[in-house]
Amino acid sequence: MTGRPTAAAPGTSPRVVVVGAGVVGCSLADELTARGWTDVTVLEQGPLPAPGGSTSHAPGLVFQTSPSRTLSGFAAYTVRKFGSLSVDGLPCFRPVGGLELATTQERWADLHRKAGLAASWGIRAELVDAVRCKDLWPLLDTGQILGGLHTPDDGLARAVPACRAQLDRATRRGARFLDRHTVTGIERAEGRVTGVVTDRGAFPADHVVSAAGFWGPVIGRMAGVDVPLQPLAHQYARTRPLPELAGANDRRTEASRPILRFQDRDLYFREHTDRIGIGSYAHRPLPVDPFAVPPYDEATAEGLAMPSSFPFTEEDFAPSWQDCCGLLPALKESAVEEGFNGVFSFTPDGMPLLGEAPALGGFWLAEAVWVTHSAGVAKALAEWMVDGRPGTDVHDCDPARFEDAQRSPAYVAERGARQFAEVYDIVHPLQPADEPRPLRVSPFYARQQELGAVFLESGGWERPHWYEANAALATDLDVPARDDWSARHWSPVAAAEARATRERVALYDMTPLRRLEVAGPGSLGFLQRMTSNNLRKKPGSVTYTLLLDEAGGIRSDLTVARLAPDHFQLGANSPADLTWLQSHAPGDVHIREITQGTCCVGVWGPLARALVQPLTRDDFSHEAFGYFKARRTHIGHVPVTAMRLSYVGELGWELYTSADLGLRLWDTLWDAGRDLGVIAAGRSAFNSLRLEKGYRAWGQDMTTEHDPYEAGVGFAVRMDKDDFVGREALARRGPVTRRLTALLLDDPTAVVLGSEPVYVGADAAPGAASAGYVTSASYGYTLGRCVAYAWLPPLAAGTGVAIEYFGQRVPATVADEPLFDPEMTRIRC
Ligand code: FAD
Ligand code: THG
């Protein structure tokens with residue numbers, strides 16, 4: 001309901017149709033009816049209670065810890081909820097614990113990192129030695145095991161009973177579950193859904209939720225909505241009964257030993273009474289066309305157990321069987337008794353698709369969701385539908401997160417297959433995909449290549465992280481050596497680029513920065529209402545401001561340049577900013593994205609004025625062109641919009657022009673800067689400089705879960721201006737109980753990267769609950785120390801804390817902000 005009115009009359013429960021009665025559809029019906037939306041119809045093509053989707057055969061392993069805080073939170077809720085549900089006297093979740101094994105040094109190090117992630121997100125986890133691994137799993141051959149990560153609260157979800165428990169409860173509250181109803185069409189009028197057509201009649205609806213699992217793209221096509229997921233088959237096998245397990249498990253509860261992961265061989269295991277179940281991601285990707293999957297009756301008539309289960313391809317499993325026998329020698333005397341290739345969904349970035357489709361009001365997606373995350377996803381979506389926003393930050397699940405260029409079937413297929421292959425890989429947070437690249441490039445790309453740019457990818461864009469052409473500048477710098485992990489996708493050349501920016505001048509490619517144009521007579525009033533700062537200023541002014549939600553949470557931070565009375569240019573963050581603004585805009589306001597077709601270069605450093613002034617007839621002095629001002633001008637032959645601001649905290653301008661003139665702009669600046677020692681600088685230096693200056697990165701440092709005051713951007717809120725979204729909630733807010741806190745690492749050679757747990761109090765024991773977690777971090781080359789921002793309870797400057805990095809406690813100190821140039825002397829000059 002992102003701002004759009006629902007079609008239901010006030011006081012009545014809107015009519016919701018959910019497509020699919022897998023674990024997601026059943027959870028959602030439960031969560032919606034629990035919130036008073038009782039007019040819920042769940043339509044399912046197969047027969048209940050096991051209609052034949054991915055849920056019907058899911059072995060139900062729930063490992064909660066993930067690099068994503070959002071996903072870990074979803075999983076924790078699933079554990080709590082399923083643990084409280086029971087069917088026929090048996091709980092729907094068995095907390096047998098989880099055990100991840102390391103057989104390589106790299107994995108062992110990674111499990112230390114993972115223990116840190118668990119602590120950051122509040123999940124119990126303990127590193128254990130090989131002996132303890134064998135206590136937990138007596139069938140293990142410990143010969144090759146270096147150690148394990150034991151997570152006592154992980155376990156087995158019983159997916160089909162969990163469906164039944166939630167279905168029964170939702171039914172008691174008024175929901176209907178209609179099986180053997182195949183959805184064949186989605187009805188729409190004036191940009192909203194109005195109903196669903198099935199082979200057995202039509203169902204009018206105010207909201208339709210596609211919880212159709214890997215059939216999502218099929219339902220999406222009926223609604224004219226892209227559902228960027230790729231179904232892939234994944235092998236699951238069960239052994240014959242093992243004498244070693246005879247009597248080990250209760251036939252009803254099936255398992256007692258921890259769910260087990262052997263990621264170095266892409267395998268996982270669980271018990272089925274006296275058999276072992278084995279899942280493998282080791283095989284070649286096996287993509288499935290969701291449009292070609294046979295319906296239930298046809299599939300079962302052809303001998304398939306269900307539509308989502310394809311015949312086991314033994315040759316794909318054979319190498320894994322050897323690995324299984326190596327790990328669990330008892331298997332040498334056994335064999336696979338039955339197996340199948342089960343289908344489920346993979347998205348280009350591995351995250352679910354959760355939220356309202358931007359193009360169709362009232363059409364919601366809850367797709368590409370694991371059993372693990374299902375209850376958490378359902379809760380968030382139900383909150384979003386009923387209250388207008390989810391209770392936790394879900395921006396990285398929003399279907400609007402993908403750019404147009406990331407929605408092609410070819411892209412989704414390639415990236416989906418890669419996600420499959422990487423499920424158990426050790427993936428560095430900066431690690432880029434290999435294909436399809438390059439996809440989006442700025443007009444400066446050719447020059448960047450000539451300068452030896454090392455590109456990483458984000459949002460489809462090629463982004464230089466540093467330039468090998470600057471390597472010579474780094475040779476005389478004393479840059480601390482790094483450990484193997486933090487040295488990946490990094491170079492000491494970044495230090496030289498940061499230094500050149502602080503001492504001379506550098507060009508930064510800002511083309512991927514999302515740009516929106518807002519125009520029309522209602523523009524000022526609209527932007528005043530949508531954002532927190534006061535924009536009622538003369539044309540030519542730029543304002544840093546926030547998009548808040550109704551609860552006062554930070555949806556985005558923007559720069560807004562008033563170029564003419566009714567014409568604004570916005571510097572934005574995610575694609576969701578555009579859809580949010582568009583969904584609220586009155587008829588006399590036109591919003592469009594101008595990122596594509598334009599470009600931007602940041603010219604920053606103490607010599608920026610010396611570089612730019614000779615290229616223009618306009619006066620670029622501080623008096624004539626002040627800080628946070630904008631104007632149209634020419635740089636040589638190139639018409640530009642110049643904005644005097646800098647995310648790196650130095651004197652300079654962002655220069656915008658159309659894409660066709662971009663190369664000319666770059667060359668003009670480059671030639672003019674030669675005598676000044678201009679360099680091109682990349683994202684690695686950029687991130688370091690912005691953290692020294694204390695500038696927050698939306699999505700990483702702050703999200704809708706945070707209000708502006710705790711996030712340290714309260715200066716961008718003007719409570720005394722006209723009313724704006726979120727104002728009321730901010731007026732009612734309580735005292736600040738946590739703060740985005742600047743930390744400086746004490747040891748000048750230490751680094752952390754982000755998502756690490758932070759402990760307060762020197763005596764915090766290993767395994768103790770962390771006080772908070774790092775949001776972003778970078779070495780500060782000017783400060784000579786690593787800077788980390790972290791969410792923590794309010795702490796006085798000077799307080800000592802410890803950040804856990806690969807199991808080591810790294811001392812750090814709470815610092816006053818900003819760490820660099822608090823007087824703004826470098827930027828306002
Ligand atoms: P589904 O269960 O597929 O439900 C979607 C439903 O929509 C289906 O019942 C389908 O019939 C119905 N539908 C589709 N089209 C229509 C239509 N046109 N009209 C009406 N109804 C329609 N996850 C874990 O968390 N842990 C695990 O250990 C795990 N192991 C797995 C092992 C295997 C072998 C596989 C294949 C998957 C595994 N998964 C696991 C993933 C997990 O099973 C799925 O992600 C999850 O079950 C998806 O649930 P869902 O409700 O979204 O989809
Ligand atoms: N440039 C432009 N737009 C942007 C960004 C950008 N929009 C998205 C994102 N980046 C916004 N983030 C910031 C963060 C800080 C500043 C600018 C954009 C900044 N802040 C000053 C400060 O906090 O001292 C000025 C604040 C003020 O005067 O109100 O410069 O990089 N175009």
Side-chain angles (χ1 to χ4, degrees), residues 18-28 42-46 48 50-63 75 78 156-157 159 163 178-184 196 198-199 210-216 218-219 222 232-236 259 268 270 277 279 290 293 295-296 306-309 340-345 352 366-374 377 510 513-515 533 542-545 556-561 569-573 577 600 602 627-628 643 645-649 654 656 686 690 693-698 712-713 715-716 818 824 827:
V18 177
V19 184
V23 72
V24 174
C26 292
S27 280
L28 184 62
V42 183
L43 299 173
E44 168 55 58
Q45 64 188 2
L48 286 168
S54 309
T55 305
S56 303
H57 55 56
L61 288 80
V62 177
F63 285 95
T78 304
L156 283 168
C163 287
L178 304 177
D179 66 357
R180 296 211 171 264
H181 280 66
T182 300
V183 172
T184 55
V196 165
T198 74
D199 57 348
S210 179
F214 70 80
W215 287 271
V218 181
I219 305 297
M222 296 175 197
L232 287 139
H234 149 62
Q235 293 201 294
Y236 193 79
I259 53 174
Y268 65 84
R270 60 158 288 184
V293 172
Y296 190 92
M306 54 183 86
S308 62
S309 150
F340 62 97
N341 292 1
V343 184
F344 71 112
S345 310
E367 304 282 8
V369 179
W370 288 26
V371 173
T372 301
H373 310 118
S374 57
V377 160
M510 298 292 286
L513 171 76
R514 188 174 311 283
R515 293 174 285 289
N533 210 336
V542 184
T543 308
Y544 176 71
T545 186
S556 188
D557 65 341
L558 308 173
T559 56
V560 177
Q569 182 174 318
L570 277 52
N573 290 298
D577 293 350
C600 176
Y627 185 51
F628 266 72
M643 291 188 204
L645 62 98
S646 156
Y647 202 60
V648 302
E654 289 178 348
Y656 297 87
F686 182 86
R690 71 106 184 155
K693 191 71 188 111
Y695 291 161
R696 278 74 171 135
W698 182 84
V713 288
F715 66 86
M824 304 283 279
I827 212 169

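Atoms within a ligand are numbered from 1 in the order they appear, just like the ligands themselves. Note that the structure is predicted; figures quoted are calculated from it, not measured.
Ranking the protein heavy atoms by distance from atom 18 (N) of ligand 1 puts Val183 O, 3.1 Å first. In this structure, atom 20 (C) of ligand 1 lies nearest to the protein heavy atom Gln45 N, 3.1 Å. Looking only at heavy atoms of the protein, atom 4 (O) of ligand 1 is closest to Gly22 CA, 3.4 Å. The protein heavy atom nearest to atom 37 (C) of ligand 1 is Phe344 CD2, 3.3 Å. Of all protein heavy atoms, the one lying nearest to atom 26 (N) of ligand 1 is Leu61 O, 2.8 Å. Of all protein heavy atoms, the one lying nearest to atom 8 (C) of ligand 1 is Glu44 OE1, 3.4 Å. Ranking the protein heavy atoms by distance from atom 53 (O) of ligand 1 puts Gly213 CA, 3.4 Å first.
Ring-centre distance between Phe628 and Tyr544: not below the 6.0 Å cut-off.
Side-chain atoms of Ser308 come within 3.5 Å of backbone N or O of Gly52 as a donor-acceptor pair. Side-chain N or O atoms of Ser210 include none that pairs as donor or acceptor with a backbone N or O of Val19 at under 3.5 Å. Side chain of Asn573 to backbone of Ser556: no donor-acceptor contact under 3.5 angstrom is found. Remark: side-chain polar atoms of Arg690 are paired, donor with acceptor, to backbone N or O of Tyr695 under 3.5 angstrom.
Considering OG1 of Thr182 and CG of Asp199, their distance stands at 4.5 Å, rounded to 0.5 Å. The distance from the OH atom of Tyr627 to the CE atom of Met643 is 13.5 Å, given to the nearest 0.5 Å.
For the pair Ser308 and ligand 1, no heavy-atom separation below 4.0 Å is found. Ligand 1 lies within reach of Tyr268, whose nearest heavy atom is under 4.0 Å from it. In this structure, Gly279 has no heavy atom closer than 4.0 Å to ligand 1.
Close contacts of ligand 1 with Leu43, meaning ligand atoms under 4.0 Å from a residue heavy atom, involve 20 (C), 21 (N). Residue Val369 has at least one heavy-atom neighbour below 4.0 Å for each of these atoms of ligand 1: 44 (C), 45 (O), 46 (C), 48 (C), 49 (O). Residue Gly20 approaches ligand 1 through these ligand atoms, each under 4.0 Å from one of its heavy atoms: 6 (C), 7 (O), 12 (C). In summary, the atoms of ligand 1 found under 4.0 Å from a heavy atom of Thr182, numbered by their order in the structure, are 19 (N). Below 4.0 Å from some heavy atom of His181 lie the following atoms of ligand 1, by number and element: 19 (N), 20 (C). Listed by number with element, the atoms of ligand 1 under 4.0 Å from a non-hydrogen atom of Pro51 are 9 (O). Interface atoms of ligand 1 facing Thr372, defined by a heavy-atom separation under 4.0 Å, are 24 (C), 25 (O), 26 (N). Which parts of ligand 1 touch Val24 is read off a 4.0 Å heavy-atom cut-off, strictly below it: atoms 50 (P), 51 (O), 52 (O).
Of all the heavy atoms of Trp215, the ones lying under 4.0 Å from any atom of ligand 1 belong exclusively to the side chain.
In this structure, His234 and Tyr268 have tilted ring planes: the angle between them lies in the 30° to 60° band.
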Next item on the list: For His57 and Tyr236, run ring-ring contact (aromatic ring centres under 6.0 Å, His included): C-alpha distance rounded to whole Å, both residues' side-chain angles, the deciding distance at 0.1 Å, then the answer.
Entry: CA-CA 9 Å; His57 55 56; Tyr236 193 79; 8.6 Å; no
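Residue contacts with ligand 1: His57 is placed with no nitrogen or oxygen under 3.5 Å of a nitrogen or oxygen of the ligand (distance criterion only). Considering backbone and side-chain N/O atoms, Val23 comes within less than 3.5 Å of an N/O atom of ligand 1. Considering backbone and side-chain atoms together, Ala21 places no N or O closer than 3.5 Å to any N or O of ligand 1. The shortest N or O to N or O distance between His234 and ligand 1 is not below 3.5 Å. At under 3.5 Å, a nitrogen or oxygen of Ser54, whether backbone or side chain, sits near a nitrogen or oxygen of ligand 1. When only interatomic distances are considered, the shortest N/O to N/O separation between Thr55 and ligand 1 falls below 3.5 Å.
Between Cys600 and Arg515 the shortest side-chain heavy-atom distance falls below 4.5 Å. With a 4.5 Å cut-off on side-chain heavy atoms, Leu156 and Leu61 count as touching. Counting heavy atoms from C-beta outward, Val343 and Val293 have side chains that stay 4.5 Å or more apart. Under the 4.5 Å side-chain criterion, counting only non-hydrogen atoms from C-beta, Leu513 is in contact with Tyr656. Side-chain contact check for Leu558 versus Asp577: some heavy-atom pair is nearer than 4.5 Å. At least one side-chain heavy atom of Phe686 sits less than 4.5 Å from a side-chain heavy atom of Met510. Residues Thr78 and Thr372 are not in side-chain contact: their nearest non-hydrogen atoms beyond the backbone lie 4.5 Å or more apart. With a 4.5 Å cut-off on side-chain heavy atoms, Glu654 and Leu645 count as touching.
Among protein residues, Met510, Leu513, Tyr544, Asp557, Thr559, Gly571, Ala572, Asn573, Tyr627, Phe628, Leu645, Tyr647, Glu654, Tyr656, Tyr695, Phe715, Met824 come within 4.0 Å of ligand 2, judged on heavy atoms.
Taking each of Val62, Val371, Asp199 in turn, the one with a heavy atom nearest to atom 42 (C) of ligand 1 proves to be Val371. Heavy-atom proximity to atom 39 (N) of ligand 1, evaluated over Ser374, Ala58, Gly25, Gly53, is greatest for Ala58. Residue nearest to atom 31 (C) of ligand 1, selected from Pro59, Gly52, Gly342: Pro59 (by heavy-atom distance).
Side-chain polar atoms of Thr543 and Asn533 form no donor-acceptor pair below 3.5 angstrom.
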